[in-house]
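These notes are about the structure you will find just below.
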Amino acid sequence: MRSASASLLSAVLMLTVKLHAAPAPTVSPSAVPSGSSQILEDPKFGPIPDESSYYTSDNSTSRPFPGNYSQPVFPTSNGTAGADDLLFQNLLGAEWAIFAFYQFGVETFNQSVFEEAGYPSHTYQRIIEIRDNEAGHARIFEEQISDASTKPAPCKYQFGITSPVAYLAAHTVVEISSMSFLTGLILQAQLNSSKAALVAIAETESRHEAWGLIDIWQQSPFAGPADTVFPYANEILDTTKVFVVPGSCPAGNPDYPVPSQNLPSLSYLETSTTLLPGSPVTFAFSNPINQPHFEADQTYYAVFFHGLLSITEPFDIKTNASIIPPEFEAKGLFLAVISDTPGAPTIGSVKAGPLVITEQPVEVNSGIM
Ligand SMILES: *[C@@H]1O[C@H](CO)[C@@H](O)[C@H](O)[C@H]1NC(C)=O
Ligand SMILES: *[C@@H]1O[C@H](CO)[C@@H](O)[C@H](O)[C@H]1NC(C)=O
Ligand SMILES: *[C@@H]1O[C@H](CO)[C@@H](O)[C@H](O)[C@H]1NC(C)=O
Ligand SMILES: *[C@@H]1O[C@H](CO)[C@@H](O)[C@H](O)[C@H]1NC(C)=O
Ligand SMILES: *[C@@H]1O[C@H](CO)[C@@H](O)[C@H](O)[C@H]1NC(C)=O
Ligand SMILES: *[C@@H]1O[C@H](CO)[C@@H](O)[C@H](O)[C@H]1NC(C)=O
């Protein structure tokens, strides 16, 4: 039941639909109130990524640029949307949640809190630096969206985290998940330059992840020969919507993500599994208002992704039981979905998930090291 990624990915590419950025109202520059977010349309405004050191060492605890603007940037041209505008609108929507996660950390904790919890004295400074990098990502993605499409603004987010250890566990999950959806977005990119930009951003997230593995978890920073490719990036983006305060997004923002399958979310019973390769696992569908619909006469599968591989295991709809593939190396990231087809070869074959399982260290999944 093992399928090499090459066949999986070619299947994805074959059914790739041409995506178009969501239509939006346009504004003419003269109609822009001064001081509004519309100034962000100007790529020369504010610190410039990779010129200014601002996105490495702003150091401020208040929201850095461009996170200090709260309204979307409306199109200033009626021209055709850029080929990858929708991709970067989706990515900027995800980036605002990630930026907000780090800004929340900067505002909620301080150096002494991390030190007293037993972490290195520079932990808080690193969180600030990562926050500054994420602000730079937001600015880079704004610039990747053409002036014929809306650049989304941040919503409000809630993370339900109070302790430094839960925060650092979430940091590890956020970074490794973003490495995975960035890799998946490359399958949607039309422009070669977009693909290269996505790799460059994923590399930066990988550095953040490696820092946490060394300094926070005192582990090897390495995760085997390849991090995980998951073909349906928007399904991961969809899971980030749990952090958005309902109704808090500015009215002019495009929908996020587009397209969205709104799949039932997938979790697991903590007592059922170690999450290590070969462990049994009982899945759970944790959102009571979005439950899966399984046909009694249909066979379903748990499909696990790791590195460039996917491995399909049985899934029992009566018990919700499956097994973590014993073949996988216990490194990096596993992603699991429930599918009606071995290998989950099409996006439509995915019926629930994905579930993010971090193997390094496996305890971060429950946030209670
Ligand atoms: C930010 O903090 C770092 C580390 O303490 C320091 O090297 C850098 O000069 C600071 N940057 C600014 C702009 O204060
Ligand atoms: C946001 O921050 C930038 C960079 O510090 C600054 O130039 C701009 O005036 C700020 N804008 C608002 C609305 O706070
Ligand atoms: C876009 O087209 C509309 C309708 O023709 C027009 O009113 C508007 O000024 C145009 N906007 C820009 C930025 O050219
Ligand atoms: C750090 O945060 C803790 C908990 O909120 C607080 O008690 C402490 O005074 C803060 N320390 C500094 C140096 O701000
Ligand atoms: C992307 O790169 C490939 C290989 O060099 C080239 O054949 C193709 O035309 C490029 N596509 C675009 C849209 O530039
Ligand atoms: C399996 O999941 C379904 C859907 O959430 C739920 O109704 C059922 O109670 C679960 N069964 C077991 C044995 O956990």
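Atoms considered below: every heavy atom in the structure, side chains included; atoms not considered: hydrogens, waters and symmetry mates. Start at 1 and go down the list; that is how both ligands and their atoms are numbered.
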One should read off an interatomic distance between L266 CG and N287 CG, to the nearest 0.5 angstrom, of 12.0 Å

| message | Are F104 and F159, when compared by the centres of their aromatic rings, separated by less than 6.0 Å? | response | yes

For this session: Taking only Lys NZ, Arg NE, NH1 and NH2, and the carboxylate oxygens of Asp or Glu, determine whether E203 and R207 approach each other closer than 4.0 Å.
Result: no

Heavy-atom contacts under 4.0 Å to ligand 5, chain-then-number order, include exactly N192

One finds that the ligand 6 atoms under 4.0 Å from a non-hydrogen atom of N320 are 1 (C), 2 (O), 3 (C), 8 (C), 10 (C), 11 (N), 12 (C), 14 (O)

- Look at the aromatic rings of F328 and F334 and report parallel, tilted or perpendicular, splitting at 30° and 60°. tilted

Short version for Q291: what comes under 4.0 Å of ligand 6, heavy atoms counted, is side chain

| query | Should the ring pair H171 and Y102 be called parallel, tilted or perpendicular, given that the plane angle runs from 0 to 90° and is split at 30 and 60? | reply | perpendicular

With heavy atoms and a 4.0 Å threshold, my read on which part of T319 contacts ligand 6 is backbone

dist L333:CG -> E209:CD (nearest 0.5 Å) comes out at 9.0 Å

Sorted by chain and number, sequence neighbours left out, salt bridge (Lys or Arg N to Asp or Glu O under 4.0 Å) with R131 holds for D58

